[in-house]
Amino acid sequence: MRLGARHVWLALATAPIVGFFALPILYLVAVSFKTKDDVLSGHFWPAVPTFANWPDAFEAADIARFIFNSVTVSVLAALLTIALALPSSYAVLRLKIGGKWLADVTLSSYMAPPIVALIPLFFLLKATGLLNTRAGLVLVYGFANVPVAFWLLTPFLRRMPIEIEQAAAMDGAGPFRTLLQIVAPIIAPGIVATLLIVTVLSYNEFLFASAFTFSDATRTLPVGISLFQGDRLVNFGQMAAASLAGIAPVYLIALFLQRYLVSGLAHGGVK
């Protein structure tokens with residue numbers, strides 16, 4: 001009985017938190033089934049549900065291609081970020097390269113508003129022929145998220161016993177081999193958790209994508225959703241339908257990697 005009462009109190013305590021985060025999604029679902037007049041009425045649920053917004057959204061814009069571009073760019077950019085951040089954080093933390101100032105400079109670079117880099121990056125991509133390409137966005141996102149990944153990976157490396165690396169060094173393993181064959185497998189949950197976070201950051205990014213892509217072949221989903229806003233009218237129902245379709249890939253990835261995310265963030269990735 002006491003255990004059952006504890007579960008009831010736990011459910012009552014977590015219900016407001018779950019409701020707080022679920023409410024925007026529920027409202028987005030409701031708007032996707034509303035007519036234009038119904039949206040302006042201010043009611044939460046549609047008075048007369050309509051399914052026209054879903055096919056109309058995919059006819060008005062190439063949503064499938066936008067989602068494909070977003071998934072491709074964000075996943076490749078996240079892999080690039082991990083490839084850069086993992087050896088960087090290991091070199092700074094374990095090999096003491098750069099001292100403490102290098103870590104501080106790396107983290108402080110993320111504090112500047114992204115818009116300050118917009119014009120330099122635009123001309124850099126234009127000069128290299130990567131403007132209006134998915135490869136250009138991969139490079140921009142991959143490098144831009146390195147400070148975040150550096151900051152997330154550092155605690156996992158710090159919690160790992162250094163004796164394991166010392167034993168590997170005594171067996172003749174160099175720093176690079178130790179990182180790949182010893183350190184990376186041990187902190188794998190932390191790497192996966194970091195990979196998921198930077199993937200979501202790239203997937204949701206709008207500023208660079210809107211400035212560096214000009215065609216449906218390269219536009220990402222956030223830019224594609226903005227196309228539903230006209231000069232005088234916003235198609236909220238179609239925008240909501242497109243947004244829900246865009247949420248699905250990220251939700252499935254997060255659901256598939258959930259155990260790695262929870263394990264990495266909760267235990268620091270050290271078994």
Side-chain angles (χ1 to χ4, degrees), residues 14-78 114-115 118 132 134 137-138 140-141 144-145 196-258 261:
T14 56
I17 301 175
V18 175
F20 175 80
F21 288 103
L23 188 61
I25 304 298
L26 292 176
Y27 186 71
L28 200 62
V29 172
V31 172
S32 70
F33 295 104
K34 288 183 178 182
T35 62
K36 296 178 182 179
D37 294 334
D38 206 1
V39 171
L40 297 177
S41 67
H43 299 298
F44 190 95
W45 296 111
V48 181
T50 176
F51 294 90
N53 289 323
W54 286 86
D56 290 348
F58 282 83
E59 290 178 5
D62 197 350
I63 302 299
R65 180 178 290 275
F66 296 155
I67 294 176
F68 173 78
N69 290 340
S70 290
V71 172
T72 302
V73 168
S74 59
V75 171
L76 292 179
I115 197 169
L118 191 64
N132 195 33
R134 287 191 291 264
L137 286 181
V138 169
V140 170
Y141 293 163
N145 287 326
L196 179 58
I197 291 173
V198 295
T199 298
V200 173
L201 289 176
S202 298
Y203 191 88
N204 294 332
E205 202 281 328
F206 175 78
L207 177 64
F208 292 146
S210 63
F212 302 152
T213 57
F214 320 120
S215 63
D216 289 351
T218 57
R219 285 192 178 107
T220 58
L221 183 67
V223 180
I225 292 176
S226 69
L227 300 178
F228 289 99
Q229 182 174 351
D231 294 334
R232 298 183 179 181
L233 180 66
V234 180
N235 294 312
F236 289 108
Q238 297 179 20
M239 186 179 292
S243 300
L244 287 172
I247 290 173
V250 177
Y251 177 80
L252 292 176
I253 293 174
L255 187 65
F256 178 74
L257 300 176
Q258 181 180 13
L261 179 63

Do the non-hydrogen side-chain atoms of [X] and [Y] ever get within less than 4.5 Å of each other?
X	Y	result
Leu137	Phe212	yes
Phe208	Leu118	yes
Asn204	Pro222	no
Leu23	Phe44	yes
Ile247	Ile25	yes
Tyr203	Leu221	yes

Checking the side chain of [X] only, and the main-chain atoms of [Y] only, is there a donor and an acceptor separated by less than 3.5 Å?
X	Y	answer
Gln238	Ala241	no
Ser202	Thr199	no
Ser70	Thr220	no
Lys34	Asn53	no

- Can you measure from CD1 (Ile225) to OG (Ser243) and round to the nearest 0.5 angstrom? 3.5 Å
- Once you round to the nearest 0.5 Å, how far does CG of Leu244 lie from CD1 of Ile63? 11.5 Å
Heavy-atom closest contact ([X] atom, [Y] atom, distance):
X	Y	answer
Val223	Ser210	CG2-N, 3.5 Å
Asp38	Pro46	OD2-CA, 3.1 Å
Phe228	Ala57	CZ-O, 3.7 Å
Ala211	Phe214	O-CE2, 3.3 Å

- Message: Tell me whether the count of non-hydrogen atoms from other residues, nucleotides or ligands lying under 6.0 Å of CG in Leu252 goes above 12.
- Response: yes
- Query: Considering residues, nucleotides and ligands other than Tyr251, do more than 12 of their heavy atoms fall under 6.0 Å from its OH?
  - Reply: no
- Message: Regarding Asn132 and Thr213, do their side chains bring together a donor and an acceptor under 3.5 Å, going by distance alone?
- Response: no
- Query: For residues Asn69 and Arg134, is any side-chain donor paired with an opposing acceptor at under 3.5 Å?
  - Reply: yes
- For Thr35 and Val48, what are the C-alpha separation, side-chain angles and deciding distance, and is it a side-chain contact (heavy atoms from CB on, under 4.5 Å)? CA-CA 8 Å; Thr35 62; Val48 181; over 6 Å; no
- Item | From CA spacing to verdict: side-chain contact (heavy atoms from CB on, under 4.5 Å), Tyr141, Glu205 | CA-CA 9 Å; Tyr141 293 163; Glu205 202 281 328; 2.5 Å; yes
- Message: Parallel, tilted or perpendicular: which one describes the rings of Trp54 and Phe33, with boundaries at 30° and 60°?
- Response: tilted
- Steps toward side-chain contact (heavy atoms from CB on, under 4.5 Å) verdict (Thr218, Val73): CA-CA 10 Å; Thr218 57; Val73 168; over 6 Å; no
